[in-house]
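Side-chain atoms are counted along with the backbone in the values below, which use heavy atoms only and exclude waters and symmetry mates. The structure presented is a predicted model; accordingly, all values stated were derived computationally and were not measured.
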Amino acid sequence: MVVDPAGGGTSMRAAIFPCPDCGDVFVRAESLHLHQATRHAVSELGPEDTSRNIIEIIFQSSWLKKQTPVCAVDRILKVHNAPATLARFEAYRDAVKARARGGRPGAGRCTADGNELLRFHCAALSCSLGAGGATHLCDGAGNSSCAACGIVRDGFKFRAPGVRTMATSGRAHDDAVAVGGEEGEGGGGEQRRAMLVCRVIAGRVKRRCEGTAETAGKEEDAEAEEEYDSVAGTAGVYSSLDELEVLNPTAILPCFVVVYKA
């Protein structure tokens, strides 16, 4: 119900919630939120958009596959994160900065911006997102068969030892193929995939060579782990932070989705 500002009482007219993007009207705030999270979560960037050109350059230049052709970019979508999602991301950054100012050893950049990095995460794409201008997430966004839509709509989910992100698009693609096989739309040949370009609050990073020795007890390992916000994998040919496992999914904010074939 809504309040009549003139009469001071309540009106018998039900409250309505119009969508600012398409004008569709809903009678429940929850329905509007679900509509926006599914139908308006992403928008396609056109060739004239400078953001598209920048993201494509970053994606292609970090592919780093000298022996094979660079993959073909199909679409680049911008993620429209909900205000609540952005607020949680910034709150996590503030918490990391506060811990760093509290005298945590090895804080470094954490006191300035939480040690924010640009990272890649490749996800399976089993729907028509990005094809023919389609920008709505599939109905089965919570299904693991279309991980890309699930991440955009619901965010990353924690799975031990952490959410894995990569320094380059090529390394993220290789990891997705190795872990999930040839998932993606279509069978055989090139597969449509989704590369998520993310802002990541890495915080204090634990290197593999740091911490307790393998012979130490489990309790000591757990205590050492609490001092870090993310864990770096072994350095590879791509970067000194080739792999980065983020311990808190709130620290990862997907900003762009590159739909490509490889």
Would you say Lys97 has more than 12 foreign heavy atoms packed within less than 6.0 Å of its NZ? yes
Which atoms form the tightest heavy-atom contact between [X] and [Y], and what is the distance?
X: Ala202; Y: Val205; value: CB-CG2, 4.0 Å
X: Arg93; Y: Asp113; value: NH1-O, 2.8 Å
X: Ile201; Y: Gly114; value: CG2-O, 3.2 Å
X: Val246; Y: Ser230; value: CA-CB, 4.1 Å
X: Asn115; Y: Gly203; value: ND2-O, 2.9 Å
X: Ala41; Y: Leu137; value: CB-CD1, 3.9 Å

Has His121 got a side-chain atom pairing as donor or acceptor with Arg164's backbone, closer than 3.5 angstrom? yes
When rounded to the nearest 0.5 angstrom, what is the spacing between [atom1] in [X] and [atom2] in [Y]?
X: Cys149; Y: His136; atom1: SG; atom2: NE2; value: 8.5 Å
X: Cys110; Y: Glu116; atom1: SG; atom2: CD; value: 12.0 Å
X: Asp94; Y: Arg101; atom1: CG; atom2: CZ; value: 7.5 Å
X: Phe156; Y: Thr165; atom1: CZ; atom2: OG1; value: 8.5 Å
X: Cys122; Y: Asp174; atom1: SG; atom2: CG; value: 9.5 Å
X: Arg153; Y: Cys146; atom1: CZ; atom2: SG; value: 10.5 Å

Between Thr135 and Ser43, is a side-chain hydrogen bond (donor to acceptor under 3.5 Å, both in side chains) present by the stated rule, with each step listed? CA-CA 6 Å; Thr135 57; Ser43 61; over 6 Å; no
Salt bridge check, Glu243 against Arg171: does any charged N sit closer than 4.0 Å to a carboxylate O? yes
ILVMFWY cluster, [X] and [Y] together (side-chain gap under 4.5 Å):
X: Val79; Y: Val163; result: yes
X: Leu196; Y: Val42; result: yes
X: Val73; Y: Ile54; result: yes
X: Val231; Y: Met166; result: no

Could you walk me through whether Cys198 and Leu118 pass side chain to side chain contact (heavy atoms under 4.5 Å, CB included), step by step? CA-CA 6 Å; Cys198 307; Leu118 182 70; over 6 Å; no
Between Tyr92 and Asp229, does the side chain to side chain contact (heavy atoms under 4.5 Å, CB included) criterion hold? Intermediate values first, please. CA-CA 11 Å; Tyr92 180 80; Asp229 304 299; 3.8 Å; yes
Contacts of type side-chain contact (heavy atoms from CB on, under 4.5 Å), residue Asp49, not counting sequence neighbours: Leu45, Ser51, Arg52
Walk me through whether Val152 and Leu77 qualify under side chain to side chain contact (heavy atoms under 4.5 Å, CB included). CA-CA 11 Å; Val152 172; Leu77 311 174; over 6 Å; no
Mind checking whether Phe120 and Ile58 have side chains closer than 4.5 Å, heavy atoms only? yes
Any chance you could lay out the side chain to side chain contact (heavy atoms under 4.5 Å, CB included) test for Asn81 and Arg88, step after step, and finish with the verdict? CA-CA 11 Å; Asn81 290 290; Arg88 287 192 296 269; over 6 Å; no
In residues 248-262, what donor-acceptor pairs under 3.5 Å come from side-chain atoms, sequence neighbours left out?
| residue | atom | partner | partner atom | Å |
| --- | --- | --- | --- | --- |
| Asn248 | OD1 | Thr250 | N | 3.0 |
| Asn248 | OD1 | Thr250 | OG1 | 3.1 |
| Tyr260 | OH | His173 | ND1 | 2.8 |

